[in-house]
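Owing to the predicted nature of the structure, the values given are computational and were not obtained by experimental measurement.
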Amino acid sequence: MPSDLLRFSLRLHQGLTPQACCALAASVEAHGFHTLWFAENPFGRAILPAVAACAADTSRVRLGLGILNPYQHHPTLIAQEAAVLDELSGGRVRLGIGSGIAQRIAQLGTRYRPLAALADAVQIVRGLLRHETVTYRGRAFSADRVALEFAAPRPDMPIHLAAMADRSLALCGQLADGLIVSNLCPPAYTARAVAIVRESAEAAGRESFDIVQYLPCAARPDGAEAREIAKEAVGAMLIALWPTGNDWPAQRETIVRLSGIARPEMVGALDRLRRGERAGRVLDDRFISGFALAGTAEQVIAQAVQYRRAGTDELALSFAGPQPAADAAYFARAVKRLIPDGELAIDVRRSPPDSGRG
């Protein structure tokens with residue numbers, strides 16, 4: 001991809017029914033979004049039925065498995081699932097693997113070993129997709145003389161890893177073809193993560209690397225309305241995804257430090273949100289600037305530029321609020337006014353100069 005282009009994709013959450021996913025898939029394809037990413041965490045809706053339905057209902061948009069975790073989908077099963085979905089979709093699947101949310105994996109009664117899980121999963125999945133007979137003894141997952149009983153359509157299917165901590169970012173650079181940056185990561189954190197991944201990839205002699213970032217988005221003709229919607233979305237994510245208590249993992253401390261929000265303010269905001277206060281009363285515009293895109297479509301486009309400058313190749317947007325299809329279409333029309341042809345993307349050299357929030 002040209003170095004100045006930033007692609008736009010859509011991320012679907014597990015609150016959506018398969019029917020809702022299919023309706024959004026048709027809209028996304030019609031408006032030129034690059035990929036439809038399906039997010040999966042333990043105990044929400046499983047994504048593979050919706051992915052299969054969307055594969056059958058579309059012909060062009062790529063379908064991102066983002067992410068499957070090897071605790072619920074053993075690496076041998078990930079290879080089977082990805083290969084068959086690739087058959088069904090005509091080669092449009094993008095595979096994302098992650099270690100999952102620690103607290104939820106612990107509820108499975110399984111020892112959580114994120115680095116080992118990622119390393120083992122990539123090694124096993126790659127071998128199986130290449131139609132090799134895999135014998136692999138890992139620290140978290142193993143396989144003994146296993147081979148797929150059919151040939152995967154793309155033996156070289158790229159594998160993206162979801163990673164946040166420094167060691168997992170370095171592992172991503174060594175083994176994977178791309179990085180998925182999670183929600184609740186500000187641009188400065190993304191820039192730091194991309195630098196770690198690219199340095200590790202270069203040391204491993206790997207040249208091509210793809211950076212995808214998940215990001216909540218609210219785009220409305222009324223920019224003030226959009227910002228209020230974005231606050232509610234960010235508040236819900238903080239409650240759902242931020243560790244409880246105030247003893248956070250190192251990467252969360254780094255996120256706070258690079259967000260421009262002081263730690264005591266973050267602690268206070270989390271406490272108030274968990275007590276049930278509305279996000280619109282708790283969160284100010286710094287939380288939106290750090291963790292979302294919000295405003296008119298033109299303002300959102302201008303804000304998106306900072307993520308390209310941080311190293312992101314693709315933003316997978318979750319359109320917040322009750323009308324995601326309409327908001328995605330409104331945003332897509334604004335992007336098409338900048339680059340009318342091809343898939344949805346902006347050229348940062350031609351983007352609006354001001355990310356004003358008026």
Quick check: do [X] and [Y] have side-chain heavy atoms less than 4.5 Å from each other?
X	Y	value
Gln80	Leu148	yes
Ile67	Ile97	no
Thr312	Thr190	yes
His73	Leu48	yes
Met237	His13	no
Gln213	Cys185	yes
Val256	Trp242	yes
Asp120	Pro70	no

Before giving the answer on salt bridge (Lys or Arg N to Asp or Glu O under 4.0 Å), spell out for Arg62 and Glu314 the whole-Å C-alpha distance, their side-chain angles and the decisive distance to 0.1 Å. CA-CA 13 Å; Arg62 296 162 184 83; Glu314 173 184 345; over 6 Å; no
Pairwise distance [atom1]([X]) to [atom2]([Y]) - rounded to 0.5 angstrom:
X	Y	atom1	atom2	value
Leu283	Arg227	CG	CZ	14.5 Å
Glu225	Glu228	CD	CD	9.5 Å
Ile255	Arg192	CD1	CZ	10.0 Å
Phe319	Asp327	CZ	CG	7.0 Å
Leu293	Leu215	CG	CG	4.0 Å
Leu241	Gln103	CG	CD	10.0 Å

Would you say [X]'s side chain and [Y]'s backbone share a donor-acceptor pair under 3.5 angstrom?
X	Y	value
Arg45	Gln14	yes
Glu29	Arg60	yes
Tyr330	Ala219	no
Arg104	Pro42	yes
Glu87	Ala152	no
Asp86	Val93	yes
Asp313	Ile211	yes
Ser27	Ala23	no
Thr135	Arg145	yes
Tyr214	Gly66	yes

Val212 vs Ser9, side-chain contact (heavy atoms from CB on, under 4.5 Å): CA-CA, chis, key distance, verdict: CA-CA 9 Å; Val212 179; Ser9 295; over 6 Å; no
Counting only heavy atoms not in [X], do more than 12 fall under 6.0 Å of its [atom1]?
X	atom1	answer
Glu199	CD	no
Glu132	CD	yes
Asp247	CG	no
Arg167	CZ	no
Arg111	CZ	no

Check against side-chain contact (heavy atoms from CB on, under 4.5 Å), Phe331 and Ile301: CA-CA 8 Å; Phe331 172 75; Ile301 291 167; 3.7 Å; yes
Evaluation steps, salt bridge (Lys or Arg N to Asp or Glu O under 4.0 Å), between Asp284 and Arg286: CA-CA 6 Å; Asp284 58 36; Arg286 293 174 302 162; 2.9 Å; yes
Nearest heavy-atom neighbours spanning [X] and [Y]:
X	Y	value
Phe8	Leu317	CD2-CD1, 4.0 Å
Ser89	Leu63	CB-CD1, 3.9 Å
Gly223	Gln299	CA-OE1, 4.4 Å
Pro75	Leu128	O-CD1, 4.5 Å
Phe209	Ala201	CD1-CB, 4.1 Å

Under the side chain to side chain contact (heavy atoms under 4.5 Å, CB included) test against Ile159, which residue among Ile78, Val125, Leu175 passes? Val125
Single-linkage hydrophobic cluster, 4.5 Å side-chain cutoff, [X] and [Y] together:
X	Y	value
Val194	Leu184	no
Leu65	Phe43	no
Phe287	Tyr189	yes

So does Glu298 pair up with Arg337, basic N to acidic O under 4.0 Å? yes
I'd like to know if Arg130 and Asp156 make a salt bridge, using a cut-off of under 4.0 Å between side-chain N and carboxylate O. no
Can you list the steps and then say if Phe33 with Leu24 is a side-chain contact (heavy atoms from CB on, under 4.5 Å)? CA-CA 11 Å; Phe33 283 87; Leu24 278 166; over 6 Å; no
Kindly determine whether Arg206 and Asp177 satisfy salt bridge (Lys or Arg N to Asp or Glu O under 4.0 Å), including the steps that lead there. CA-CA 9 Å; Arg206 311 182 72 246; Asp177 304 293; 3.1 Å; yes
For the pair Arg278 and Lys231, evaluate side-chain contact (heavy atoms from CB on, under 4.5 Å) and give the outcome as yes or no after the intermediate values. CA-CA 9 Å; Arg278 287 189 63 250; Lys231 287 178 184 178; over 6 Å; no
Polar contact flag, side-chain donor to acceptor under 3.5 angstrom, Arg94-Thr35: yes
Using distance alone, with no hydrogens and no angle criterion, decide if Tyr112 and Ser99 have a side-chain donor and acceptor under 3.5 Å apart.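 Ser99 and Tyr112 do have a side-chain donor-acceptor pair below 3.5 Å.
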Pair Arg263, Glu253 - check salt bridge (Lys or Arg N to Asp or Glu O under 4.0 Å), show working. CA-CA 8 Å; Arg263 191 185 198 280; Glu253 292 286 358; 2.9 Å; yes
